[in-house]
Amino acid sequence: MTKSLSILGSTGSIGTQALEVCCAQGFEVCGLAANSNVELLAEQIKKFKPKKACIYREDKYSELKALIDGEDCEIVCGMDGLCELATMEEADTILNSVVGMIGLKPTLCAIEAGKNVALANKETLVTGGKLVINAAKQKGIDILPIDSEHSAIFQSLQGNKRSQIKKILLTASGGPFFGKTTNELKNVTVENALNHPNWDMGAKITIDSATLMNKGLEFIEAMWLFDLKPEQIEIVVHRESVIHSGIEYCDNSVIAQLGMPDMRIPIQYALTYPDRCPCPSRELSLFDYGKLTFAKPDIDTFICLKACIEAITRGGLYPTVVNGANEQAVALFLDGKISFLDIGKLVYKSMEIIKPVNNFTFDDIIYTDKLAREFVLANC
């Protein structure tokens, strides 16, 4: 069980809920990191008294220092600062919930330092899965999933063998546009896309859920986390978000994890594993739901999902390309510079910019990500 925690992305949705779990379970918080929300980070520093904190945006350093004047907390900045928090001697677990590619390097640093990683940063495994999993195996490090779907799979594995998995049932809420046609999505606004039916998430992840890119990223993550082939993952649209995912074993038995759509449950399980503790989440009442529904995803309309599956099937750096293209395209959509449908078009087309590569380094990942972003900016 976690005793001392360093949280990367402490002011985001996952980070703030992780701090709720820390309060409930009495975990020490030795490190806090945020991108730019200095006001909330300052409040967290005053409440949790970490030894060190990082503000990723270097131009926010002076503002944060002023807000925490008198607090005994070292302030660091940028990528170097994130990596410092990922390797703190006092921390036994690093919770990585930053958004985007910036999460990869701190994860690798945490593994190298021998820290267990509670992972909510999808891009870590999407872009650097091969490097991360190999490094974790060499160091004997646990990567504990926080995404509700991967936590459900992880929980459904307990007491069973990975070699006996037939397939994964990876559930998806379907986002706010389930059942919509391409024609109906032509005039989608940012406000429409941010209106998720079940989950309270940050803007980027919520847009990814609307395009089904989020499910594509989770598809890739699941392959790395559970050593699967693409054909072993079946995506099931489950609008109620009660069944968080499951496993069909070789005997055709299906074991799944159910619960309220509350991220504190998978966050807490990652931090208390292998123990279970009382959680502030509401109890699940199946009577209140009455019925649960299931459907196939529409990958021809939501082509971000199609792009992710094709990218990981090709392998190599293709997942890095679609991830980088998506990050840039989502930023442009949120700024009102491209349409909702343009996101998928740019992501899918981005795979044309590279050739297959099997062996690659961290630097190759960073360079390929840069190429993907430049492609989107040049073609938007």
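Computed from a predicted model, the values in this text were never measured in an experiment. All heavy atoms count here, side chains included; hydrogens, waters and symmetry mates do not. Throughout, numbering of the chain's residues begins at 1 and tracks the sequence.
Residues K215 and E149 are in side-chain contact: their nearest non-hydrogen atoms beyond the backbone lie under 4.5 Å apart. Side-chain atoms of S10 and T16, non-hydrogen and from C-beta on, never get closer than 4.5 Å to each other. Within the 4.5 Å cutoff, no side-chain heavy atoms of V99 are placed close to those of N121. In this structure, F226 and H150 have side chains that are in contact, with non-hydrogen atoms separated by less than 4.5 Å. At least one side-chain heavy atom of L170 sits less than 4.5 Å from a side-chain heavy atom of E218. The closest side-chain heavy-atom distance from K49 to E71 is below 4.5 Å.
For the 3.5 Å distance criterion, the side chains of Q257 and S151 fail to qualify, holding no donor opposite an acceptor. Between Q164 and N160, the side chains place no donor N or O within less than 3.5 Å of an acceptor N or O (distance only, hydrogens not considered).
Pairs engaging residues 89-105 under the salt bridge (Lys or Arg N to Asp or Glu O under 4.0 Å) rule: K51-E90 [sequence neighbours left out]. Sorted by first and then second residue, the salt bridge (Lys or Arg N to Asp or Glu O under 4.0 Å) pairs with a member in residues 283-301 read D300-K306; sequence neighbours excluded. Sequence neighbours left out, not one pair with a member in residues 315-325 passes salt bridge (Lys or Arg N to Asp or Glu O under 4.0 Å). Residue pairs meeting the salt bridge (Lys or Arg N to Asp or Glu O under 4.0 Å) criterion with at least one member in residues 1-27, sequence neighbours excluded: E20-R264. Identified under the ring-ring contact (aromatic ring centres under 6.0 Å, His included) test for residues 361-380, with sequence neighbours left out: none.
A salt bridge does not link K46 with E43: none of the charged nitrogens is closer than 4.0 Å to a carboxylate oxygen. R162 and D227 are not joined by a salt bridge, as no carboxylate oxygen comes within less than 4.0 angstrom of a charged side-chain nitrogen. For E310 and R314, the salt-bridge test passes: some basic side-chain N is under 4.0 Å from an acidic carboxylate O.
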Enumerate donor-acceptor pairs with a distance under 3.5 Å from any side-chain N or O in residues 58-67 to protein atoms, sequence neighbours excluded.
unit_1, atom_1, unit_2, atom_2, d
D59, OD1, R57, NE, 2.8
D59, OD2, R57, NH2, 2.9

Donor-acceptor pairs are to be reported for all side-chain atoms of residues 229-236 against protein atoms at under 3.5 Å, with residues two or more places apart or in another chain.
unit_1, atom_1, unit_2, atom_2, d
Q232, OE1, K229, N, 2.9
E234, OE1, K167, NZ, 2.5

Cut-off 3.5 Å, no hydrogens considered: what does the side-chain donor-acceptor table look like for residues 323-333, sequence neighbours left out?
unit_1, atom_1, unit_2, atom_2, d
N323, ND2, E327, OE2, 3.1
N326, ND2, D208, OD1, 2.9
E327, OE1, R373, NH2, 2.6
E327, OE2, M101, N, 3.0

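Looking at residues two or more places apart in sequence or on another chain, you find a side chain to side chain contact (heavy atoms under 4.5 Å, CB included) between A120 and I14, S97, I146. Under the salt bridge (charged side-chain N to carboxylate O under 4.0 Å, His left out) criterion, K166 pairs with E248, not counting sequence neighbours. Contacts of I141 classified as side chain to side chain contact (heavy atoms under 4.5 Å, CB included), with partners at least two apart in sequence or in another chain: I111, N116, A136, K139. The side chain to side chain contact (heavy atoms under 4.5 Å, CB included) check on E74 picks up K52, V76, E84, with sequence neighbours excluded.
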Open item on the list: Pair F360, T320 - check side chain to side chain contact (heavy atoms under 4.5 Å, CB included), show working.
Closed with: CA-CA 11 Å; F360 52 87; T320 298; 5.8 Å; no
TODO: Could you please spell out the steps behind the side chain to side chain contact (heavy atoms under 4.5 Å, CB included) verdict for M260 and R282?
DONE: CA-CA 7 Å; M260 294 297 294; R282 287 195 298 122; 2.8 Å; yes
TODO: Mind running side chain to side chain contact (heavy atoms under 4.5 Å, CB included) on C23 and F48 for me, showing each step along the way?
DONE: CA-CA 9 Å; C23 289; F48 292 94; 3.5 Å; yes
TODO: Could you walk me through whether L95 and T2 pass side chain to side chain contact (heavy atoms under 4.5 Å, CB included), step by step?
DONE: CA-CA 10 Å; L95 191 155; T2 295; over 6 Å; no
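Taking the six-membered ring where the residue is Trp, the centroids of F177 and F340 are separated by under 6.0 Å.
To the nearest 0.5 Å, atom NZ of residue K122 and atom NZ of residue K204 are 8.0 Å apart.
Nearest approach of P145 to L225, heavy atoms of both residues: CB-CD1, 4.1 Å.
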